[in-house]
Amino acid sequence: MCRSEDQRDASDCKGPLRQVTSTLVSSLNPQQREAVTTVNGPLLIIAGAGSGKTRVITHRVAYLIVECNVPASSIFAVTFTNKAAEEMKHRIFALIKLPSRTPLAIATFHSLCATILRSEAHKVDLSNRFLICDEADQLTLIKECCKLLKLTPDDVNPRHIRWIINQAKIQMLGPSELDGFAPARQSDLYAQLYELYQRKLRENDAVDFEDLILYVVRLFESDSATLTTYQNRYRYLLVDEYQDTNLLQYRLVKALAASHRNICVVGDEDQSIYSWRGAKLSNLMDFQKIFPDARLIRLEQNYRSTQNILAAAAHLIKNNMQRFGKRLWTERQNGHPLMLIIGATERDEAMLVVEAIERLHSQEQISYSQMAIFYRQNSLSRNFEDHLRARNIPYQVIGGIRFYDRAEIKDLIAYLKVVANPNASLSLQRVLNKPRRGIGERTLQQVSDFAHAHNLTLYHALHQCCQDARLPAAAIKKINAFLDQLVHWQERSKQRNPRQLLDAILEDTGYIESFGNENSLEVLIKKDNVQELQNAMQQYLQEHPLASLEHYLEMVSLATHIDEFDEQEEGVALMTLHCAKGLEFRVVFIVGMEEPIFPNRRAIEDTGDIEEERRLFYVGMTRAKDRVFLSRADSRMAFGRVQWNVPSIFLRELPTELVKELDDEEFTWVKNAREARRAHGTSGGCTKALDPSRHTAPLSITLGQRVRHPSLGDGTVVAVRGEGDALIISIQLDSGQQHDVLTKHAQIEHIT
DNA sequence: CGTTAGCTTCTTTTT
DNA sequence: GAAGCTAACG
């Protein structure tokens, strides 16, 4: 088993040490054990949903370190999210005794590459202070490029350009190789934009997400000395979620593995859901062609779900062609059938789902944090949030607007970026006049024209313009004042930690005061966000006491939605199906099971293939331990219009005997909803003309109406949603707060 | 110079 | 129905 290729390989895992930690593998099933102890040479692990994959990975790392005497620093393990990486490290540390702070290269491709790039920056013509652009920054930059090329939104769509550039980078194509990518008529234009964009990035001393990996791959493929260094450093490679790796990531792994071939990949073809981001299922499917001597181990025992859930999932996924094929089995009982919930409108759907959640909580004592709502697109979360809030059920939404994408937070992060690297023109531009310091658009335009003409960064152009007195004296004075402040912060950041720097910036700029002192909800939220940033930073610094400003900024740039998810927090989790990958809950609700949404029409149009959508559904279902609820609505608001939706084809692909429509006997509250659907004219699923009166609130409550709530007090109605029993009104209270009220429960009085 | 009203687009998913 | 952008106004 332990084929020894050179003396640094783990040849001694045959030795007597093996018994010492035999407890490490004794709790594993035979396949898992084989997956953990097959340490040398290429290995392909096909790990079905719930088959103990994380367990295998953590045990494998522990086994390498303890049993095979592999230094922890020789292991390079790639996970799909930073959260998964943190959890794995945590579990490894719990498994074996390691000095705390043992450096373990377990992270995402992007994080690992960022670290490599930091130390090799000079070889790719970056400074080691380079910054990472997120997608919003990319867009800003592209828009700037469009302006420079005198293009209007009618000529090109910046978002499309971004998409083309990203795709090109994943395929390792340069500006001149866009044939077949960009629209044929405009391929020259796209090439020009791509090139300019890349130049601008360099001027900013910045890279985008794709560059992080691309630069490292290019470096490895062109500089064999550097590659050898890293091949020697990382002797054992492990890649999780291999079905979702793209060409770039494959090339990176291939390069690193070339010398020692100790490469273990873990994946599941049925859970590949990122092809739109360039992931190639063929990386997994063809692994044995690329490494003909690769061992294949299948993990097919599922430790998570009931028999019924697995049977339904298996039945569904059989419809896919691109598979190895596998048979998941479990020792668990049949359990409940899958439940189908149908609402007349999306509000009814949400109401029924929330009611089910409430019952499961109160009648079956299932904690809220053991329940999750999954949807195909973020926009569906809203209705469920509204109903959960109205019922006082705790919940957390993962996704939507990321914390670090909120305007206030972006402003402050931009300040930090400018301090870390004044050449970050993008960030400098953002904060130059925020809060207002009288450096307006005209001035900025003049300086950036000057910068462009003389090939200077904005920062240097500002200096130059002031020195040469190219601007009105008043402007120069203001710019100089700002530049002085910047110098002051830079000094400060050398002596103090990032948190203290942030405080200094807040104080010196009067940023919070610039919100104004009115006590509107908006201002309060902004202030709250700033506070939250301070807290988050504090916490980060506690966990990473040695972190520099650059480290902190890198973490912020690479933070993801799911990283914000707190499993400890009591509350129902709301997230997209994509975010749900790798998680598990006792009860899972998959909502919005309707045709244009799920399977998503645009996704099918893009790929010409429904299989990935089906896998997405498969991923969702297999997150559930005990129960799966599926829901849909007959009609749904989209783009401000009512749309009549067709039930998802996936509902028909489930075995009928395992799906039960929620009925009155089991859940009495369903009866009202049944009647509502009948009245709505859609209970048979057929489409009848919509009676518009059914979608408007009773006349007695109108927008702007003054009302009195028994406990909340007086206020003005600012929004009316829902109908009948589900009628919800938002009241802007005279105390300044806004509250949603379910009129069914509250005695609302009119006042004048 | 800064604000706002009205227009457009947007919803697929995210490292 | 919201957010982001332009154009026109104060």
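The structure presented is a predicted model; accordingly, all values stated were derived computationally and were not measured. Side chains included, hydrogens not; waters and symmetry mates left out as well; all remaining heavy atoms used. Here is how names work: the chains are called A, B, and so on, in the same order as the sequence lines, proteins then strands, and each is numbered from 1.
- One interatomic measurement links the two molecules: CD of A:Gln643 to P of C:dG1, which rounds to 15 Å at whole-angstrom precision.
- Nearest-nucleotide mapping onto DNA chain B: of A:Asn433 and A:Ala559, the residue sitting toward the 5' end is A:Asn433.
- At the heavy-atom level, A:Asn378 lies under 4.0 Å from the strands shown only through sugar-phosphate atoms.
- Qualifying side-chain contact (heavy atoms from CB on, under 4.5 Å) partners for A:Thr81, counting only residues two or more places apart in sequence or in other chains: A:Lys83, A:Ala84, A:Ile562, A:Asp563.
- Taking the six-membered ring where the residue is Trp, A:Phe220 and A:Tyr230 present tilted rings, their angle falling between 30° and 60°.
- Along DNA chain B, read 5' to 3', the first and last nucleotides having any atom under 4.0 Å from a heavy atom of chain A are B:dC1 to B:dT15.
- Remark: A:Lys410 pairs with A:Asp134 by the side chain to side chain donor-acceptor pair (under 3.5 Å) rule, at least two apart or across chains.
- In this structure, A:Lys143 reaches the sugar-phosphate backbone alone: every heavy-atom distance under 4.0 Å involves primed, P, OP1 or OP2 atoms, never a base.
- Every residue two or more places apart in sequence or in another chain that forms a side chain to side chain donor-acceptor pair (under 3.5 Å) with A:Arg118 is listed here: A:Glu554.
- C:dT6 and B:dT11 have their C1' atoms separated by 23 Å, given to the nearest Å.
- Every residue meeting the side chain to side chain donor-acceptor pair (under 3.5 Å) condition with A:Glu612, not counting sequence neighbours, appears here in chain and number order: A:Ser275, A:Arg615.
- Judged as a salt bridge (charged side-chain N to carboxylate O under 4.0 Å, His left out), the pairs with a partner in residues 572-582 of chain A (not counting sequence neighbours) are, in order, A:Glu241-A:Lys581, A:Asp244-A:Lys581.
- Atoms CZ (A:Arg641) and P (C:dA2) sit 16 Å apart, rounded to a whole Å.
- Within the nucleic acid shown, A:Thr576 comes within 4.0 Å of sugar-phosphate atoms alone, with no base atom in reach, counting heavy atoms only.
- Residue A:Tyr274 is in sugar-phosphate contact alone, with no base atom involved, counting any heavy-atom pair closer than 4.0 Å across all strands shown.
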